[in-house]
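One structure is given below, encoded as structure tokens.
Protein chains get the first letters and strands the later ones, always in sequence-line order, with residue 1 at the start of each. Since this is a predicted model, take the numbers as computed values, not measurements.
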Amino acid sequence: MSEPKRYLVTSALPYANGPLHIGHIGGAYLNADIYVRYLRSKGKDVAFICGSDEHGAAITLRAKKEGKTPREIVDYYHELMKNAFADFGISFDEYHRTSSDEHREMSQAVFKKLEEKGSFEVETSQQYYDEEAKQFLADRYITGTCPNCSSDKAYGDQCEKCGRSLSPLELIDPKSTLSGSKPVLKETSHWYLPMAHHESWIRDYIGKGEYQGKTHHDPKEWKAHVVGQCMSWVDGGLQSRAMTRDLEWGVPVPVAGADGKVLYVWLDAPIGYITNTKVWADKNGKNWEDYWKSDESRLIHFIGKDNIVFHCIIFPIILKEHGDFILPYNVPANEFMNLEGDKISTSRNWAVWLHEYLEDFKGRQDEMRYVLCSIMPEQKDSEFTWTDFRDRVNNELADILGNYVNRVFVLMHKYYGGTVPEINGTPSEAEQSAATESRRAYESVGKAIEQFKFREALSEAMNIARAGNKLLTETEPWKLMKTDPQATARILHACLNMVADAAAALSPFLPFTSGKIVEALQIKARTWDEVTMNEQIATGHTIGQLPILFEKITDETVAAQVEKLAQRQAENTATVEPIKDTIDFETFQKLDLRVVKVLAAEAVPKTKKLLKLTIDTGVDKRTVVSGIAEHYSPEDVVGKHVLFLANLAPRAIKGVESAGMILMAENPQGQLSILSTEREAITGSTVK
RNA sequence: UGCGGGGUGGAGCAGUUGGUAGCUCGUUGGGCUCAUAACCCAAAGGUCGUCAGUUCGAGUCUGGCCCCCGCUACCA
């Protein structure tokens, strides 16, 4: 592949309904930032683009729940995320937002062009319309009685009581949650992207790296899990997807008669990359089209694995249909990062929040950048723990890098008052091999970054400091000074240059530290190529004082952070669901609750959660299917008396008819517990 | 369940086209003292999830099975 003229690098637009956590950073931002800083250091023309993703039903629902407007929600999180990114040193050229006027114009223009070209298929169907609120109702905005379990709290897409997926038309006695009125059926149209039409070229694009009959990229450079997931989608047959929604919050569909419709958030968000590029270009006297519409530009999307299909299939289809845009050259998606043995979860508040880290560890961005890069989930899921954080910071950053730089500064000041002496003589073998290793490591850093192997790159950058430590120990300048001052001067000069080289090699990863080192050296920061050209610090140059680069992380600090997580867990445990609406006694009496005995139990084949139980109700024996297999094995439950709802309408689950429901207590962690009687249990006892 | 990814010394990970199993951390022993109790050297430790197959030879290819993760389905 020839060198492109410019790079367009994007990070996934974070969704503006929660703060950022370390999983986000290690997934799609730190790696992108390292990549971009490297390219900039090489003097490349780069645009690094991101922004908040602020539309979609989840935000409107959240706003409704909290009694706020969607605007208030997104304003809050946009600011929070933008500041956290900036503080952490994620060096976006532009961090804009999808709720902006610029974005409305851009996404409407893209939509309009596709609409006019006939890239969409318009499908008309009957949908519920709220005449008071004057809008079509998204599935989630309709409640009614479930045709299956008769719960009156069913939503248009699903009954949460019985879990059955529904279509709004199946609901008995539907109601709008907006106005409470009874919605009427009205004809509506939606724009679908017929992805099946694109299967053939997508297959070539992903599988062979070919586009429009030409080589586009080397598919071997793409990660296995990215190609694998895409091909499995294509092989499974691409389905048409609606690109519009009936919602108020979003970009209005720019077509006459489409009132109350907005662009699907998944369409609107990636167009945000384009909008935000334009916003940046306009501010900086550049032309955004150079980046998006030129074969000489290279587009790279950094994302997490949950976004693969969208960035590799759906968005490319949009870009191609539009006609002028280039396609992603690579999508180096990362896997997920876990935290202390459990997956990170925003809703369960199980996370290390970036803004809290920045608060608790002021001025220590590089420590987290180092650790996150070291454990970046490049090929498989990885795990962050606070003890591992401590070990890596203390044993690697502080001991190997920080201490090396410090040794060199101390020796330079001690022997030469900080001024680089005259350099003479022929380097010894140890000096030569240190220089060779340092050079090799430096070049490996760049190569690894270009292949998106950030962990390897960081490790190679650290090898420069390792080589320096080795040279010092092998040559022992503190002894040599007495016998061979000329060699000592040469060695320390070499060490000093290795400090400068390490600062350059590490600058994409640890920009703050790199800056501190450069400042202490009192030199100009070296670009990538200046180091490759073997630029040296000149005789007569005086260096300054070095601050301690990395303080050790104490066990107390670790304990405090672990405690913080545990506390959140406790808070979570404390959260209980609110009391439901009052019902009358007659309604209660309709329930046939009783104690039954489990006679037999077996796992339902090919399922993870289901047990098939034979129970004795006292009146009859029957079969129920219960989703408890992850909490109880068949042996655990046989012979037990359990609480049972006997007059629930039967339902087939995985082909087995289930007549009734075993009642279980569930804690906030989702753990189930059998309910039974405290005194002697009699099979068939009623519960009142 | 279907699909995808992964299972390598105590921990975290590399292993390109098949040919003596590597790295970082940790552990043990030694050296050094300029340095942030740091640094350097050496050693111990793995039959590469499992079973079978292809091959002169497999962590690396083929097939079956087990386990973990993601999306997906079933937790009335």
Side-chain angles (χ1 to χ4, degrees), chain A residues 146 148-151 159 161-165 220 223-233 235-236 304-306 308-309 333 335-336 338 343 374-383 385 387-388 391-392 394-415 453 455-456 458-460 462-463 465-466 468-481 492 495 546 548-552 604-611 624-631 645 648-656 658-664 666 670 672:
Chain A
C146 174
N148 182 51
C149 72
S150 304
S151 157
C159 171
K161 187 97 184 295
C162 71
R164 165 110 161 229
S165 319
K220 288 201 195 83
K223 297 192 186 190
H225 70 265
V226 174
V227 174
Q229 191 171 333
C230 291
M231 291 314 277
S232 99
W233 252 63
D235 291 342
K305 70 171 155 185
D306 49 340
I308 289 172
V309 167
E335 306 263 346
F336 285 158
N338 296 318
K343 54 185 154 188
S374 301
I375 61 170
M376 205 172 259
E378 291 176 337
Q379 311 292 342
K380 54 185 167 191
D381 290 357
S382 66
E383 170 138 338
T385 65
T387 53
D388 181 63
D391 290 346
R392 288 179 191 275
N394 292 356
N395 304 337
E396 298 178 31
L397 261 190
D399 288 354
I400 294 170
L401 176 65
N403 182 48
Y404 170 65
V405 178
N406 187 244
R407 301 171 83 177
V408 175
F409 269 75
V410 167
L411 289 167
M412 280 298 297
H413 280 292
K414 196 163 179 174
Y415 295 154
K453 295 178 177 174
R455 302 212 295 205
E456 182 185 325
L458 176 57
S459 157
E460 288 286 13
M462 291 292 288
N463 279 338
R466 288 196 171 92
N469 275 320
K470 186 170 170 162
L471 178 61
L472 282 178
T473 305
E474 280 176 355
T475 57
E476 301 185 306
W478 47 94
K479 284 183 183 166
L480 201 61
M481 188 62 181
L492 285 183
C495 285
L546 182 78
I548 288 289
L549 293 174
F550 305 104
E551 302 276 357
K552 295 276 178 103
V604 178
K606 300 186 174 180
T607 67
K608 214 159 68 177
K609 297 180 175 177
L610 302 183
L611 287 187
V624 291
V625 176
S626 189
I628 59 174
E630 289 182 312
H631 308 275
L645 176 57
L648 189 62
R651 186 179 164 205
I653 301 166
K654 276 287 167 188
V656 183
S658 177
M661 175 176 177
I662 307 285
L663 302 184
M664 293 270 171
E666 182 176 19
L672 297 181

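Here the straight-line distance linking atom OG1 of A:Thr385 with atom CZ of A:Arg392 works out to 8.5 Å at 0.5 Å rounding. Distance check: A:Arg455 CZ to A:Ser382 OG gives 6.5 Å after rounding to the nearest 0.5 Å. Atoms CG and NZ, on A:Asn395 and A:Lys552 in that order, are 7.0 Å from each other to the nearest 0.5 Å. Taken to the nearest 0.5 Å, the NZ atom of A:Lys453 stands 15.0 Å off from the CE atom of A:Met376. Within the model, atoms CG of A:Leu546 and CE of A:Met412 stand 12.5 Å from one another, a figure rounded to the nearest 0.5 Å.
What separates CG of A:Asn469 from C1' of B:U33 is a distance of 13 Å, to the nearest Å. Going from atom CD1 of A:Ile400 over to atom P of B:C23 covers 14 Å, rounded to whole Å. If you take CG of A:Leu492 and C1' of B:C34, they are 9 Å apart, rounded to a whole angstrom. In this structure, A:Glu551 atom CD and B:A38 atom P are separated by 15 Å, rounded to whole Å. Rounded to a whole Å, the CG atom of A:Leu610 is 5 Å from the C1' atom of B:C74. Per the geometry, CZ belonging to A:Arg407 stands 10 Å off P belonging to B:C34, to the nearest Å. The distance between atom NZ of A:Lys453 and atom P of B:U24, rounded to the nearest whole Å, is 18 Å. For A:Leu471 and B:C39, the CG to P distance is 16 Å, given to the nearest whole Å.
Under 4.0 angstrom from either OP1 or OP2 of B:C39 there lies no side-chain N or O belonging to A:Lys470. Taking side-chain N and O atoms only, A:Lys479 has a distance below 4.0 Å to OP1 or OP2 of B:U33. Using a 4.0 Å cut-off, some side-chain N or O of A:Asn395 falls inside it from OP1 or OP2 of B:G26. Side-chain nitrogen and oxygen atoms of A:Lys552 include at least one within less than 4.0 Å of the OP1 or OP2 phosphate oxygen of B:A38.
Taking atom P in both B:U60 and B:G53, one finds a spacing of 15 Å when rounded to whole Å. B:G70 and B:U62 are spaced 27 Å apart, taking the C1' atom of each and rounding to whole Å. On the C1' atoms, B:C48 is 28 Å away from B:G29, given to the nearest whole Å. Across the P atoms, B:C68 and B:C23 are found 32 Å apart, a figure rounded to whole Å. Across the P atoms, B:G19 and B:U27 are found 34 Å apart, a figure rounded to whole Å. Between the P atoms of B:G26 and B:C66, the separation comes to 39 Å (whole Å). The same atom, P, is picked in B:G7 and in B:G59; the two are 15 Å apart, to the nearest Å. Here the separation of B:G9 from B:G46, taken at their C1' atoms, is 4 Å to the nearest Å.
A:Thr473 places a side-chain heavy atom less than 4.5 Å from the side chain of A:Arg407. Annotation: side chain of A:Ile375 is not in contact with side chain of A:Glu383 (no heavy-atom distance under 4.5 Å).
A:Pro477 pairs with exactly one of A:Leu471, A:Val408, A:Leu472 by the side chain to side chain contact (heavy atoms under 4.5 Å, CB included) rule, that one being A:Leu472.
Of the candidates B:U36, B:C34, B:G70, B:C34 carries the atom nearest the A:Lys414 side chain, counting heavy atoms from C-beta on. Side chain of A:Lys343, nearest nucleotide from B:U24, B:G70, B:C39: B:G70. Closest contact between the side chain of A:Glu396 and the listed nucleotides B:C25, B:U33, B:G70 involves B:C25.
In a base pair of the Watson-Crick type (N1 to N3 plus N6-O4 or O6-N4) or a G-U wobble (N1-O2 and O6-N3), with each distance short of 3.5 Å, B:A52 is matched with B:U62. Pair assignment for B:G18 gives none, since no Watson-Crick or G-U wobble pairing has each distance under 3.5 Å. B:G4 is paired with B:C69 under the Watson-Crick or G-U wobble criterion, all donor-acceptor distances under 3.5 Å.
The residue A:Ser459 sits apart from the nucleic acid: no heavy atom pair falls under 4.0 Å. No contact: A:Val309 has no heavy atom under 4.0 Å from any strand. Using a 4.0 Å heavy-atom criterion, one finds that A:Phe550 contacts the bases of the nucleic acid, with or without backbone contacts as well.
Side-chain contact check for A:Asn469 and A:Arg466: no donor-acceptor pair (N or O, by modelled atom type) lies under 3.5 Å.
Applying the 6.0 Å contact sphere to NZ of A:Lys343 captures no more than 12 heavy atoms from other residues, nucleotides or ligands.
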| task | Could you run through nucleotides 5-13 of chain B and give me one letter per nucleotide, 5' to 3': B if any protein heavy atom sits under 4.0 Å from the base, S if only the sugar-phosphate is that close, - if neither? | result | SSS----SS
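Between A:Val408 and A:Asp399, the one whose closest nucleotide on RNA chain B sits nearer the 5' end is A:Val408. Toward the 5′ end of RNA chain B lies the nearest nucleotide of A:Asn463, the other residue of the pair A:Asn463 and A:Ala398 mapping further downstream.
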